[in-house]
Amino acid sequence: MKLKNKFIISMFVLILIGMVVVTSWYRHTDPLIDDGLQEVSYQGGGQKEYVIQFRNEGYGKIDIISVKTNGETPATVQLGVSYDSAALVQVLPDSDQAIKFMDIRAASIYPKLSVKEFHEALEKKVHTPIHYGLRIRYDKQPIERVTIRYKYLGFTKVKIITRWFNDGK
């Protein structure tokens, strides 16, 4: 009897330790990496648009839930995806047919392609998403932070971006 109880208690402790390790890893993991910013100023100087470049360094898809700028909903917020193209997601004077802007919930952000997958996507042209960006127009300048709530592996995570705005302070 004692051996069976020790085994059950040992298994319980191991499972508990495993859950703590997995939970800790998940809480400290941020798969949504912001790695660039495009700033677009329009004539008249009042309005600006920003495109924050993203990549998913995780193991599963990311679904954006909401985006706030300085704690408020921006005038415009769209998810941009480039398909079958090496072009980064950006706002251009002449639209690029490979870049599509849509509602933030209309598509998922999939894990970054390997070099081999990237080259295959460019060759095959089968509508493979390659680059991602978030297009934001916020009329109350300056932007100090962008807060993104998203789902990853079934859990909600929050990313706060400040490094591209106000000299990253």
Side-chain angles (χ1 to χ4, degrees), residues 29-115 117-169:
T29 300
D30 185 7
L32 188 61
I33 307 299
D34 57 302
D35 58 1
L37 178 76
Q38 177 197 22
E39 183 178 327
V40 180
S41 297
Y42 293 100
Q43 292 178 353
Q47 289 186 341
K48 287 186 180 179
E49 280 190 332
Y50 302 88
V51 179
I52 302 171
Q53 303 295 324
F54 286 105
R55 69 181 187 276
N56 177 351
E57 291 288 341
Y59 303 105
K61 69 178 185 168
I62 292 173
D63 293 311
I64 296 177
I65 299 169
S66 66
V67 177
K68 299 281 187 184
T69 305
N70 295 348
E72 300 175 355
T73 302
T76 301
V77 60
Q78 295 177 309
L79 177 64
V81 182
S82 69
Y83 294 95
D84 302 330
S85 170
L88 295 174
V89 175
Q90 54 191 313
V91 176
L92 300 169
D94 298 320
S95 66
D96 183 339
Q97 297 303 314
I99 301 171
K100 304 288 185 221
F101 287 98
M102 62 200 76
D103 183 81
I104 59 172
R105 293 170 207 85
S108 297
I109 300 173
Y110 290 95
K112 182 181 174 186
L113 300 175
S114 69
V115 173
E117 292 169 327
F118 175 78
H119 289 293
E120 287 175 357
L122 293 180
E123 289 173 20
K124 291 182 180 177
K125 304 285 186 199
V126 291
H127 205 65
T128 304
I130 296 179
H131 295 289
Y132 300 91
L134 208 56
R135 180 181 191 176
I136 298 170
R137 191 184 95 227
Y138 182 69
D139 296 330
K140 300 176 187 175
Q141 297 292 328
I143 292 178
E144 295 173 0
R145 74 185 177 288
V146 173
T147 305
I148 302 166
R149 289 186 58 228
Y150 64 93
K151 284 243 184 232
Y152 176 66
L153 299 178
F155 296 97
T156 301
K157 296 186 76 72
V158 176
K159 179 165 191 77
I160 298 173
I161 301 168
T162 58
R163 73 179 182 143
W164 303 110
F165 308 105
N166 292 331
D167 298 327
K169 295 178 184 172

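The analysis underlying the following values was restricted to heavy atoms, covering all of them including side chains, and did not include hydrogens, waters or symmetry mates.
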Original post:
How close do V51 and V89 get, heavy atom to heavy atom, and via which atoms?
Top reply: CG1-O, 3.4 Å

Original post:
If you round to the nearest 0.5 Å, how far is CG of L134 from CD1 of I161?
Top reply: 7.5 Å

Original post:
Does any N or O in the side chain of N70 come within less than 3.5 Å of the main-chain N or O of P142, such that one atom is a donor and the other an acceptor?
Top reply: yes

**OP:** Test side-chain hydrogen bond (donor to acceptor under 3.5 Å, both in side chains) on T147 and K159 and set out the steps.
**Re:** CA-CA 6 Å; T147 305; K159 179 165 191 77; over 6 Å; no

Original post:
Which one of E49, E72, K68 satisfies the side-chain hydrogen bond (donor to acceptor under 3.5 Å, both in side chains) criterion with Y138?
Top reply: E72

Subject >> Closest approach of D35 to W164 (non-hydrogen atoms, all atoms of both residues) >> reply: C-CZ2, 3.8 Å

Original post:
Minimum heavy-atom separation for D84 to T128, with atom names?
Top reply: OD1-N, 2.8 Å

Original post:
CZ/R145 to OG1/T69 distance, rounded to the nearest 0.5 angstrom?
Top reply: 9.5 Å

**OP:** Work out which heavy atom in G58 is nearest to a heavy atom in P111; give both atom names and the distance.
**Re:** O-CB, 3.6 Å

Original post:
Is E144 reaching over with its side chain to a backbone N or O of T162, donor-acceptor style, under 3.5 angstrom?
Top reply: no

Original post:
Rounded to the nearest 0.5 Å, how far apart are CD of Q97 and CD1 of I99?
Top reply: 10.0 Å

Subject >> Any donor-acceptor pair under 3.5 Å from S82 side chain to H131 backbone >> reply: yes

**OP:** First locate atom CD of E120, then atom OG of S114, and finally report the distance between them rounded to the nearest 0.5 Å.
**Re:** 7.0 Å

**OP:** Could you pull out the closest heavy-atom pair between R55 and K112, with the gap in Å?
**Re:** CD-CD, 3.9 Å

**OP:** For the pair Y59 (side chain) and P31 (backbone), establish whether a donor and an acceptor sit closer than 3.5 Å, ignoring hydrogens and angles.
**Re:** no

Original post:
So which heavy atom on Y50 is nearest to which on E39, and how close?
Top reply: CE2-CG, 3.5 Å

Subject >> Test item: L122 and I130 side chains (from C-beta on) under 4.5 Å apart, heavy atoms >> reply: yes

**OP:** Give, for atom CD1 of I160 and atom CZ of R149, the distance between the pair rounded to the nearest 0.5 Å.
**Re:** 12.0 Å

Original post:
Do the side chain of D103 and the main chain of Q78 share a donor and acceptor less than 3.5 angstrom apart?
Top reply: no

**OP:** Answer whether the closest heavy-atom distance between the side chains of R163 and D34 falls below 4.5 Å.
**Re:** yes

Subject >> Interatomic spacing from OH in Y150 to CD1 in I64 - rounded to 0.5 Å >> reply: 10.0 Å

**OP:** Give a yes or no on whether the backbone of I109 and the side-chain of N56 come within a donor-acceptor separation of less than 3.5 Å.
**Re:** yes

Subject >> Option among Y110, F54, Y152 that satisfies the side chain to side chain contact (heavy atoms under 4.5 Å, CB included) test with I62 >> reply: Y152

**OP:** Give a yes or no on whether the backbone of I65 and the side-chain of R105 come within a donor-acceptor separation of less than 3.5 Å.
**Re:** yes

